[in-house]
Amino acid sequence: MNAIPQATTLTRKDTEPARAARWTVNEVEALYQLPLMDLIFRAQQVHRENFDANEIQRSTLLSVKTGGCSEDCGYCSQAARYNTETEREALLPLDEVLAAAQAAKDKGASRFCMGAAWRGPKDKDLAKVSEMIRAVKGLGLQTCVTLGMLKDGQASELKEAGLDYYNHNLDTDASFYGQVITTHKHADRIDTLGQVREAGIKVCSGGIIGMGESRRNRAALIVQLANLNPPPESVPINNLVPIPGTPLADVAPIDSFEFVRTIAAARITMPQSFVRLSAGRQAMSEELQALCFLAGANSIFYGDKLLTTGNPEADRDEALFDKLGLRPI
Ligand code: SAM
Ligand code: DTB
Ligand code: SF4
């Protein structure tokens with residue numbers, strides 16, 4: 001007997017507009033259970049209906065305020081309470097941010113993402129970040145910031161500064177969240193995403209895979225993202241980068257094909273979103289990255305550093321793109 005669900009029982013939603021899709025955890029878990037070749041084929045079909053399959057978007061990250069964070073996210077090098085190698089740094093001056101943004105543009109990035117290790121920004125910090133957004137936007141780059149939870153009115157201030165995207169990850173399934181983070185709640189993340197949407201800013205939200213969660217947790221995270229109305233325009237899928245000194249330092253790495261399945265599930269359930277192959281790429285072979293692109297990933301972080309950890313050098317990514325015939329957007 002074959003307990004594997006037939007792809008045809010799951011295709012109904014692919015042709016509907018993204019906003020109408022309502023996925024259940026059982027449906028997404030059934031996607032995970034498909035034979036890998038069938039799953040990737042479906043993901044490619046959805047991908048090709050919505051995107052040029054040979055194009056990849058590139059975003060460059062800069063940590064504008066590093067370390068010393070009050071929160072207890074079990075994976076994070078920047079939480080003040082864990083003894084990690086990350087050194088605390090104050091908010092960067094505008095000229096340094098602008099120089100990094102110009103360098104990212106010169107290397108071919110289309111979006112510049114500025115990250116701060118805050119639970120949420122204070123109003124005086126937000127004013128400084130708004131200046132950074134205005135200046136980076138002035139270079140002709142798309143802008144993204146990730147600053148933690150927002151209070152009333154802060155999203156509109158960012159919108160006025162010209163912000164294109166706000167990154168705020170759901171990170172993991174609501175039912176697993178408390179095992180990784182206790183200083184804020186999954187519901188707080190959803191609340192901030194609502195404020196971002198309300199202000200007319202595009203949403204970038206995804207999660208981390210490989211934190212000891214179950215497959216059902218992974219499917220539930222994908223459902224929680226896909227059922228946002230509308231789904232996030234950009235969906236970063238991070239593979240946990242284990243950080244010595246954090247509670248998740250020694251979690252067993254996830255099987256690569258389970259990671260690829262997660263990318264495919266994100267692609268199928270969020271057909272019009274950019275799915276970003278995010279943290280963890282430095283530890284991946286070129287072949288595994290190619291499999292992730294085949295499964296529907298069409299965006300990467302580009303440049304040799306993420307926030308505090310390494311990422312493949314831009315020249316290596318260029319060479320990989322050349323070999324695969326991928327074109328930057
Ligand atoms: N403090 C803000 C927040 O938590 O939203 C913004 C910065 S925080 C570092 C941004 C995201 O980075 C987290 O939501 C998480 O998804 C990702 N991240 C942090 N550490 C990571 C790690 N070790 N491996 C993979 N992703 C990580
Ligand atoms: C996201 O989803 N991943 C990025 C970005 N959004 C801010 C951050 C990854 C951080 C990886 C660990 C580090 O460099 O500290
Ligand atoms: Fe790290 Fe952000 Fe959590 Fe702070 S809120 S510990 S920066 S992931």
Side-chain angles (χ1 to χ4, degrees), residues 59-82 84-89 91 111-122 125 129 143-150 165-172 177 180-186 188-193 196 203-213 221 225 232 234-251 253-254 259 262 266 273-284 297 299-312:
S59 294
T60 294
L61 269 173
L62 177 69
S63 181
V64 297
K65 189 268 162 187
T66 305
C69 185
S70 63
E71 302 304 281
D72 71 349
C73 310
Y75 44 80
C76 188
S77 68
Q78 305 196 70
R81 67 191 69 202
Y82 307 134
T84 69
E85 283 180 0
T86 297
E87 303 279 353
R88 196 177 171 147
E89 282 174 31
L91 192 63
R111 191 178 310 160
F112 193 67
C113 308
M114 295 165 271
W118 289 320
R119 172 180 165 86
K122 298 194 181 82
D125 295 325
V129 172
T143 53
C144 178
V145 295
T146 181
L147 312 173
M149 292 183 277
L150 296 179
Y165 290 83
Y166 194 84
N167 166 250
H168 198 63
N169 292 339
L170 292 186
D171 279 319
T172 195
Y177 204 80
V180 181
I181 300 150
T182 69
T183 47
H184 56 262
K185 297 197 165 13
H186 195 269
D188 297 327
R189 307 293 281 186
I190 302 263
D191 179 74
T192 290
L193 292 179
V196 169
V203 168
C204 172
S205 188
I208 309 179
I209 304 304
M211 299 195 291
E213 75 287 346
L221 167 68
L225 291 166
S234 173
V235 181
I237 304 292
N238 297 278
N239 198 350
L240 176 71
V241 178
I243 309 283
T246 62
L248 298 186
D250 299 317
V251 175
I254 193 165
F259 186 82
T262 305
S273 306
F274 279 85
V275 174
R276 183 173 308 125
L277 172 55
S278 302
R281 217 158 52 77
Q282 201 176 33
M284 292 179 193
S299 169
I300 58 164
F301 284 123
Y302 180 64
D304 59 5
K305 203 165 170 203
L306 294 168
L307 292 174
T308 66
T309 66
N311 195 45

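Atoms within a ligand are numbered from 1 in the order they appear, just like the ligands themselves.
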Check your understanding: Is Thr60 reaching over with its side chain to a backbone N or O of Tyr302, donor-acceptor style, under 3.5 angstrom?
Key -> yes
Review point. Would you say Val251 and Pro242 make side-chain contact, with heavy atoms under 4.5 Å?
Key: no
**Study point:** Heavy-atom side-chain proximity of Thr192 to Asp188 below 4.5 angstrom
**Key:** no
Exercise for review: Would you tell me whether Asn238 and Tyr75 have side-chain atoms, one donor and one acceptor, within less than 3.5 Å of each other?
Suggested key: no
Review point. Is the closest N or O pair between Asn169 and ligand 1 shorter than 3.5 Å?
Key: yes
Revision key, fill the gap. Ligand 1 to Val241, heavy atom cutoff 4.0 Å, flagged ligand atoms 22 (C), 23 (N), 24 (N), 25 (C)
Exercise for review: Measure from the side-chain N and O atoms of Glu213 to the backbone N and O of Met211, and report whether any donor-acceptor pair falls under 3.5 Å.
Suggested key: yes
Study note, to complete from the structure: ligand 1 atoms nearer than 4.0 angstrom to some heavy atom of Ala279 are 25 (C)
Exercise for review: Check whether any side-chain heavy atom of Cys73 lies under 4.5 Å from a side-chain heavy atom of His184, and answer yes or no.
Suggested key: yes
Review point. Does the Arg276 side chain pair with the main chain of Ser59, one donor and one acceptor, at a distance under 3.5 Å?
Key: no
Review point. Is there a donor-acceptor pair under 3.5 Å between the side chain of Asn311 and the backbone N or O of Phe301?
Key: yes
Exercise for review: Kindly say whether Gly206 contributes a backbone atom to a donor-acceptor pair with the side chain of Asn169 at under 3.5 angstrom?
Suggested key: yes
Exercise for review: May I ask whether atom 12 (O) of ligand 1 is less than 4.0 Å from at least one protein heavy atom?
Suggested key: no
**Study point:** Check: Arg81 side chain, Ser70 main-chain N or O, donor-acceptor pair, under 3.5 Å
**Key:** yes
Review point. Short list, please: which atoms of ligand 1 are under 4.0 Å from a heavy atom of Leu307?
Key: 9 (C)
Exercise for review: Name the closest protein heavy atom to atom 1 (N) of ligand 1, giving the residue it belongs to and the distance to 0.1 Å.
Suggested key: Trp118 O, 3.2 Å
Exercise for review: Decide whether an N or O pair under 3.5 Å exists between Asn238 and ligand 2.
Suggested key: yes
Practice item. Examine ligand 1 and decide if any of its atoms is less than 4.0 Å from a heavy atom belonging to Arg189. Key: yes
Review point. Any non-hydrogen atom of Asn167 lying under 4.0 Å from ligand 2?
Key: yes
Check your understanding: Considering only protein heavy atoms, which is closest to atom 6 (C) of ligand 1, and at what distance to one decimal place?
Key -> Thr146 OG1, 3.2 Å
Revision key, fill the gap. shortest atom 4 (C) of ligand 2-to-protein heavy-atom contact is with Phe301 CE1, 3.6 Å
**Study point:** Residue portion contacting ligand 2 (non-hydrogen atoms closer than 4.0 Å) for Pro236
**Key:** side chain
Point to revise | Side chain proximity check, Val180 to Asp171, heavy atoms < 4.5 angstrom | key: no
Review point. Is ligand 2 under 4.0 Å from a heavy atom in the side chain of Thr308, in the backbone, in both, or in neither?
Key: both
Practice item. Could you say whether the N/O atoms of Ile208 and ligand 1 ever approach to under 3.5 Å? Key: no
Review point. Between Thr172 and Tyr177, is there a donor-acceptor pair closer than 3.5 Å when you use the side chain of the first and the backbone of the second?
Key: no
Check your understanding: If you measure from each non-hydrogen atom of Thr86 to ligand 2, which part falls under 4.0 Å: side chain, backbone, both or neither?
Key -> neither
Review point. Quick one: does Thr246's side chain have a donor or acceptor within less than 3.5 Å of a partner on Ser77's backbone?
Key: no
Check your understanding: What part of Ile243, side chain from CB on, backbone N/CA/C/O, both or neither, has a heavy atom under 4.0 Å from ligand 1?
Key -> side chain
Review point. Does Tyr165 use its side chain to pair, donor to acceptor, with the backbone of Thr146 at less than 3.5 Å?
Key: no
Point to revise | Contact check, Gly148 vs ligand 1, heavy-atom distance below 4.0 Å | key: yes
Check your understanding: How far is atom 20 (N) of ligand 1 from its nearest protein heavy atom, and which residue and atom name does that atom have?
Key -> Tyr75 CD1, 3.4 Å
Review point. Is the closest side-chain heavy-atom distance between His168 and Met149 below 4.5 Å?
Key: yes
Review point. How close does the nearest protein non-hydrogen atom get to atom 10 (C) of ligand 2, and which residue and atom is it?
Key: Leu307 CD1, 4.2 Å
Revision key, fill the gap. A student checking ligand 1 against Asp171 at a 4.0 Å heavy-atom cut-off should list atoms 13 (C), 14 (O), 15 (C), 16 (O)
Practice item. With heavy atoms under 4.0 Å as the rule, classify the contact between Ala116 and ligand 1 as side chain, backbone, both or neither. Key: backbone
Check your understanding: Below 4.5 Å, heavy atoms only, C-beta onward: do Leu170 and Ile190 meet side chain to side chain?
Key -> yes
Exercise for review: Give every protein N, O or S atom lying under 2.8 Å from atom 1 (Fe) of ligand 3, naming each by residue and atom.
Suggested key: Cys76 SG
Review point. Under 3.5 Å, side chain of Thr86 to main-chain N/O of Thr84, donor-acceptor pair present?
Key: no
Exercise for review: Identify, by atom number and element, the atoms of ligand 1 in contact range of Asn238, meaning under 4.0 Å from any of its heavy atoms.
Suggested key: 16 (O), 25 (C), 26 (N)
Exercise for review: Using heavy-atom distances, let me know which of Asn169, Thr309, Val235 sits nearest atom 12 (C) of ligand 2.
Suggested key: Thr309
Exercise for review: For Thr146, counting its heavy atoms only, list the atoms of ligand 2 lying under 4.0 Å from any of them.
Suggested key: 7 (C)
**Study point:** Ser278 heavy atom under 4.0 Å from ligand 1
**Key:** no
Check your understanding: Between Asn239 and Met284, is any pair of side-chain heavy atoms under 4.5 Å apart?
Key -> yes
Check your understanding: Atom CD1 in Ile208, atom OG1 in Thr262: separation rounded to 0.5 Å?
Key -> 13.0 Å
Point to revise | Heavy-atom side-chain contact between Pro121 and Val129 under 4.5 Å | key: no
Check your understanding: Does the protein put a heavy atom less than 4.0 Å from atom 6 (S) of ligand 3?
Key -> yes
Check your understanding: Hey, is Tyr75 one of the residues with a heavy atom under 4.0 angstrom from ligand 2?
Key -> no
Exercise for review: Scan the protein's non-hydrogen atoms and note whether one is under 4.0 Å from atom 8 (S) of ligand 1.
Suggested key: no
